[in-house]
> 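Quick one: the structure is below, and I'll ask about it shortly.
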Amino acid sequence: MYKILLGFVFLGVVSCTHLAQTSPQKPSVSWQNTDQPPVFPGCEQEPSTEKQWLCFQQKISKLFVDFFENPITVDLHDMRKDTLWVHLRIDQSGNVILDAVNESDTTSDLFQMLQKAVAQFPKMSPPTKTNLGVTTQVKVRLPIRVP
């Protein structure tokens, strides 16, 4: 009886150390068509995620158009390109954050101005990984044509 009890204790100790050594597998986190994109305020009533995403793009574009219609103090004609690439991130809380302009610019006057404009964007419903049931963040790269 003593040997059987000792055997169970030995198996328990071995299996506990074995479990501690294995790390849990991370689930797949690539974006799927079934995942919920960020939803801009006013786009919640759209019938499908595709239409919500299109509404999101239209609303963000409109905010940038409105921004560039106001007089700005940065001379855009000194740029070597006629298209700005704005890199945005929508975080797990639904906040819009400007990451960069034209791949790596994070210090210019234009970046600072765009950062102030993006800070005024409304908070939106965050993107959600439906297979995990958690909110996540997404990065968006938008082209803006400079006249």
Side-chain angles (χ1 to χ4, degrees), residues 8-147:
F8 280 116
V9 170
F10 177 73
L11 285 176
V13 169
V14 169
S15 48
C16 286
T17 58
H18 178 68
L19 289 176
Q21 292 175 353
T22 59
S23 61
Q25 296 293 321
K26 286 187 176 182
S28 172
V29 291
S30 61
W31 193 260
Q32 304 294 321
N33 289 338
T34 57
D35 291 337
Q36 178 65 47
V39 180
F40 202 91
C43 299
E44 301 90 355
Q45 291 79 22
E46 294 295 334
S48 66
T49 56
E50 292 84 14
K51 290 190 178 194
Q52 286 177 343
W53 187 244
L54 182 61
C55 181
F56 166 83
Q57 293 171 0
Q58 291 169 344
K59 298 272 187 172
I60 290 283
S61 296
K62 172 90 171 84
L63 289 173
F64 278 113
V65 166
D66 292 347
F67 170 75
F68 280 108
E69 283 181 351
N70 295 326
I72 57 176
T73 58
V74 177
D75 187 8
L76 297 176
H77 298 291
D78 287 343
M79 295 178 43
R80 297 177 192 233
K81 299 178 183 178
D82 62 347
T83 302
L84 292 173
W85 287 96
V86 178
H87 297 257
L88 300 174
R89 180 172 27 102
I90 296 91
D91 69 9
Q92 293 91 339
S93 300
N95 299 312
V96 183
I97 301 154
L98 179 64
D99 280 341
V101 177
N102 289 337
E103 304 299 329
S104 61
D105 176 11
T106 59
T107 58
S108 71
D109 291 340
L110 177 62
F111 177 82
Q112 301 300 325
M113 290 181 66
L114 287 173
Q115 195 170 34
K116 288 178 185 174
V118 168
Q120 296 175 11
F121 285 6
K123 190 172 184 174
M124 55 188 72
S125 298
T128 305
K129 290 291 298 165
T130 54
N131 63 332
L132 300 175
V134 296
T135 58
T136 185
Q137 66 179 353
V138 294
K139 292 184 178 184
V140 180
R141 183 175 166 233
L142 297 173
I144 298 176
R145 296 247 333 141
V146 178

> Identify the two heavy atoms, one from Asn95 and one from Asp91, that lie closest to each other, and give their separation to 0.1 Å.
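Of all heavy-atom pairs spanning Asn95 and Asp91, the closest is N-OD1, 2.8 Å.
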> Give a yes or no on whether the backbone of Gly42 and the side-chain of Glu44 come within a donor-acceptor separation of less than 3.5 Å.
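Here the side-chain-to-backbone pair exists.
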> First locate atom CD of Gln58, then atom CG of Leu63, and finally report the distance between them rounded to the nearest 0.5 Å.
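Gln58 CD to Leu63 CG: 12.0 Å, rounded to 0.5 Å.
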> To the nearest 0.5 angstrom, please state how far the CH2 atom of Trp53 sits from the SG atom of Cys43.
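SG of Cys43 is found 11.0 Å from CH2 of Trp53.
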> For Met124 and Ile60, work out which heavy atoms get closest and say how close.
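So the two residues come closest at CE-CD1, 4.4 Å.
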> Check whether any side-chain heavy atom of Pro37 sits under 4.5 Å from a side-chain heavy atom of Ile90, and report yes or no.
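Side-chain contact under 4.5 Å: no.
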> Compare all side-chain heavy atoms of Asn102 with those of Leu84 and state whether any distance is below 4.5 angstrom.
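They are in side-chain contact.
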> From Lys129 NZ over to Gln137 CD, what is the distance, rounded to the nearest 0.5 angstrom?
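Lys129 atom NZ to Gln137 atom CD measures 13.0 Å (nearest 0.5 Å).
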> Is the shortest side-chain heavy-atom distance between Lys59 and Lys62 below 4.5 Å?
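No, too far: nothing below the 4.5 Å cut-off.
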> Nearest heavy-atom pair of Leu98 and Gln115: which atoms, and what distance?
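Residues Leu98 and Gln115, closest heavy atoms: CD2-N, 3.5 Å.
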> Any side-chain to backbone donor/acceptor pair from Asp99 onto Leu88? Under 3.5 Å, distance only.
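Here the side-chain-to-backbone pair does not exist.
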> According to the ring-ring contact (aromatic ring centres under 6.0 Å, His included) rule, which pairs have a member within residues 94-118, sequence neighbours left out?
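For residues 94-118: none.
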> To check you understand the geometry: which heavy-atom pair defines the closest contact between Pro41 and Pro122, and what is its length?
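Shortest heavy-atom separation between Pro41 and Pro122 comes out as CG-CB, 4.0 Å.
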> Apply side-chain contact (heavy atoms from CB on, under 4.5 Å) to residues Ile97 and Phe121 and explain how you reach the verdict.
CA-CA 9 Å; Ile97 301 154; Phe121 285 6; over 6 Å; no
> Do Phe56 and Pro38 make a side-chain contact, defined as non-hydrogen atoms from C-beta onward lying under 4.5 Å apart?
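The answer is yes, as the side chains (C-beta and beyond) meet within the 4.5 Å cut-off.
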> For Val86 and Leu114, work out which heavy atoms get closest and say how close.
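Taking Val86 first and Leu114 second, the nearest heavy atoms are CG2-CD1, 4.4 Å.
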